[in-house]
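One structure is given here, and the rest of the page talks about it.
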Amino acid sequence: MAETPDNIYVPAYIKVHLGRPKENAENVTVSFLEYIKNVACSEIYPTWNETAIKTNIYCQVSFALNRIYTEWYKSRGYDFDITGSPAVDQAYVKGRSIFSDIEKVANEAFNDYIRREGSGEPLFAQYCDGKTATCDGLSQWGSYELSKQGYTPFQILTRYYGEGLQIIYDADLVVNIPSYPGKALKKGDRGDNVRYIQTQLNAVGRNYPSIPKIPRVDGIFGELTQSAVLEFQRIFELEKDGIVGKSTWYKLKFIYAAVRKLSELDSLGADIVSYSMQYKRPLEIGMVGNDVKLFQYLLDVVAAYNDAISSVKVTGTFDESTQQSMQAFQRYYGLEITQSSNLATFKRLYDEYAGIMTVRPEVSNSAREYPGYILRLGATGRDVRNLQEYLLYISTRNNKIPGLIVDGVFEKYTYESVKAFQKEYGLTQDGLVGEKTWNEIARVYDEYKNSVAVAKQYSGQKLV
Amino acid sequence: MTVDESFGILRVSVQSGNGAYPVQGAAVIVYYNKKVIKVMTTNRDGRTGEVDISAPPAALSKEPQSKYSPYGVCDVSVNKEGYYTNIYRNVQIFDNEISNLEVRLIPLPEYAKGEDTFKVFDITKHNLAVTGGYNG
């Protein structure tokens, strides 16, 4: 009996070359979901019925996954996954509008793909318009005709690609994008997945103020969580049903990733701004140092605002991916493309970074998110420093919380302050700062900062 | 606009930071046949209201014909202080369909030079409307 091949992972992001392979063109990195929406809108018409749209999207997804799975371009020395040229791959048009009717289908089908029974590889689903060109694969106009005659996507695909096909639904996405649990989350549900979306909604809500804050990240999907979901759906053009189905799950993931990225850069920036902002020397592969770190950080900030520039890990070692990102930057801004960095590149990079710093929304009033691990006696670092800042501020507004030194070291004053806070706000007094305690500290800090009187009844005291 | 004229709907949403935050107060200008037909400002979610744009009847996109364009087009410019101005040419609008233009603005560098503060997106003809479209 033949083994069922493993399902492949769908990449969260895909790098698209905006021209033919050898053409000198931009490479943009976009979420796979955005990529498929764009391709579908560029390849077929939104006036078509749902079956026709879906069938074509299955082909588009499979085609793209095949390029990635076979490392078609990477193995030939190119540093992108696929091109946006319909002469070679499928049409991707940067800046094009997205049609609602196609978007609806793409939101559900972007991680569904076709393969042949017994093979793990996504089908290399070639297609053509079928009117001016015929090919060994799906005819776009032909598929539309068949859909009007009542055939299902599977039947249409079989007609063009032969017997023995399988459609794999809901493939997992790579790495740190947890997959849709398979069943929609709705009011009344409880558990880690609910806690997870609550955290994300709150984080996104800091930048999108229409989304009401969910005061307790408790893993219980109640009225307040539902309100936040509805607002999110309204803002992002999703079906406003108040439940977290596949479309909402993934859209939330991708927006959260962007929000999170800026937040992480803020944290990182707090350290880096202490470095000298001067150009010291040309940087090339293999070099190590704080100036490399600074360079990588500046690139990463610019990349967070521009999909034509790939993000960089700020490691302090100038590696190939740093060079790639630098060259994408040089290309985008019309600078000479070089192997090592130079003054002109550094100056322009710094200029772009400074421009970004001028416009970024004032989110510094808000407390950062829970860092993901429990802070306790003996801990040190940036997260401890943030914690101390918040507690210190709170202590100036509430004399039940003792003051402390903000030095990034979790010692006895910090411990006492945490315990006093926990007592004041009805939390377990263990001096440990886990998610619950952190979120409550953040909430109180934010409210004080925004000058809203906090009237908490835990201690029976009105706080000013 | 007469009762029989077909049209589609354009909506614009403006964000920055690859979607991390909405841009409020961006000026969105919609041009049809080179004339300004609507000026809007984005709200705190970065969104505008809707604009009706003339488009040929849907029947033209349901048959493989190449005599008439199956969609209407408009131009859109998006401007907010501190950011590059994005200009979209030939945004496609289909009869009875909603077209969402998702604008991503990039902050201007500290020392921006006048001519260099625009980003133009020329939306190419829809692939199905291009004769000889072939893939693979």
Side-chain angles (χ1 to χ4, degrees), chain A residues 41-48 63 86-91 93-101 103 124 126-133 135-137 140-141 144 207-210 234-235 237 254-255 258-259 261-262 304-307 348 350-356 358-361 363, chain B residues 9-11 13 15-22 43-47 58-59 61-64 66 70-71 76 80-83 86 88 91-112 119 121-124 126-128 130-136:
Chain A
C41 289
S42 303
E43 286 280 353
I44 56 175
Y45 293 142
T47 49
W48 289 8
F63 187 94
V88 185
D89 294 316
Q90 26 196 30
V93 179
K94 180 167 170 169
R96 69 152 311 113
S97 55
I98 301 297
F99 308 115
S100 275
D101 282 344
E103 182 165 27
F124 184 59
Q126 288 183 92
Y127 55 84
C128 56
D129 73 282
K131 173 194 135 209
T132 61
C135 59
D136 199 10
Q140 288 167 320
W141 282 112
Y144 183 48
N207 291 355
Y208 287 85
S210 292
R234 188 190 64 80
I235 295 172
E237 305 275 5
F254 284 115
I255 297 293
V259 169
K261 180 72 192 181
L262 289 198
Y305 288 79
N306 188 336
D307 59 13
R348 187 61 192 263
Y350 187 78
D351 256 1
E352 297 293 335
Y353 163 80
I356 288 168
T358 317
V359 294
R360 52 190 285 276
V363 285
Chain B
I9 293 174
L10 173 71
R11 282 204 219 133
S13 74
Q15 302 164 347
S16 186
N18 284 340
Y21 64 90
N43 62 19
R44 71 174 183 168
D45 299 323
R47 309 189 57 82
S61 61
K62 296 185 178 182
E63 295 293 335
S66 54
Y71 52 83
V76 183
K80 168 83 185 181
E81 192 183 333
Y83 295 87
N86 283 13
Y88 299 84
V91 177
Q92 296 163 2
I93 311 285
F94 284 81
D95 174 24
N96 203 32
E97 297 287 334
I98 297 175
S99 222
N100 291 306
L101 188 63
E102 295 169 2
V103 176
R104 296 272 168 88
L105 294 182
I106 296 178
L108 284 168
E110 187 128 83
Y111 301 107
K119 298 219 175 292
F121 299 85
D122 277 305
I123 309 303
T124 51
H126 194 287
N127 205 48
L128 216 45
V130 173
T131 53
Y134 173 70
N135 132 288

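Letters A, B, ... are given to chains in the order of the sequence lines, protein chains preceding strands, and every chain is numbered from 1.
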First locate atom [atom1] of [X], then atom [atom2] of [Y], and finally report the distance between them rounded to the nearest 0.5 Å.
| X | Y | atom1 | atom2 | result |
| --- | --- | --- | --- | --- |
| A:Lys94 | B:Tyr88 | NZ | OH | 9.0 Å |
| B:Gln15 | A:Tyr305 | CD | OH | 12.5 Å |
| B:Leu128 | A:Lys131 | CG | NZ | 8.0 Å |
| A:Arg96 | B:Ser99 | CZ | OG | 7.5 Å |
| A:Thr358 | B:Tyr83 | OG1 | OH | 10.0 Å |
| A:Ser97 | B:Phe94 | OG | CZ | 8.5 Å |

Could you pull out the closest heavy-atom pair between [X] and [Y], with the gap in Å?
| X | Y | value |
| --- | --- | --- |
| B:Pro107 | A:Glu352 | O-OE1, 3.9 Å |
| A:Leu262 | B:Ala20 | CD1-CB, 3.6 Å |
| A:Gly95 | B:Leu101 | O-CD1, 3.6 Å |
| A:Tyr45 | B:Ser61 | CD1-O, 3.2 Å |
| B:Glu81 | A:Val359 | O-CG1, 4.4 Å |
| A:Pro46 | B:Glu97 | O-OE2, 3.2 Å |

For [X], is it the side chain, the backbone, both or neither that has a heavy atom under 4.5 Å from a heavy atom of chain A?
| X | value |
| --- | --- |
| B:Arg104 | side chain |
| B:Asp95 | backbone |
| B:Lys119 | side chain |
| B:Glu102 | side chain |

Legend entry - Residue, of B:Ser16, B:Gly82, B:Pro64, that accumulates the most heavy atom pairs under 4.5 Å with chain A: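 Among B:Ser16, B:Gly82, B:Pro64, the one with the most close pairs to chain A is B:Pro64.
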Inset, instruction - Name the member of B:Asn18, B:Ile9, B:Asn86, B:Ile123 that forms the most heavy-atom pairs with chain A at distances under 4.5 Å. - result: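 Highest number of heavy-atom pairs under 4.5 Å: B:Asn18.
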4.5 Å side-chain heavy-atom contact, [X] and [Y]:
| X | Y | value |
| --- | --- | --- |
| A:Val259 | B:Tyr21 | no |
| B:Pro109 | A:Arg348 | yes |
| A:Glu237 | B:Ile98 | no |
| A:Phe99 | B:Gln92 | yes |

Legend entry - Proximal component of A:Tyr144, with respect to chain B [non-hydrogen, under 4.5 Å]: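 When you check distances to chain B, only side chain atoms of A:Tyr144 fall under 4.5 Å.
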Legend entry - Region of A:Ala304 that comes under 4.5 Å of a non-hydrogen atom in chain B: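 The backbone, not the side chain.
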Legend entry - Backbone N/O of A:Ile235 and side chain of B:Arg47: donor-acceptor pair under 3.5 Å: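 Side chain of B:Arg47 to backbone of A:Ile235, a donor-acceptor pair under 3.5 Å: yes, one is there.
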Legend entry - Pair B:Asn127-A:Ser42, side-chain donor/acceptor within less than 3.5 Å: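 Looking only at side-chain atoms, A:Ser42 and B:Asn127 do not form any donor-acceptor pair under 3.5 Å.
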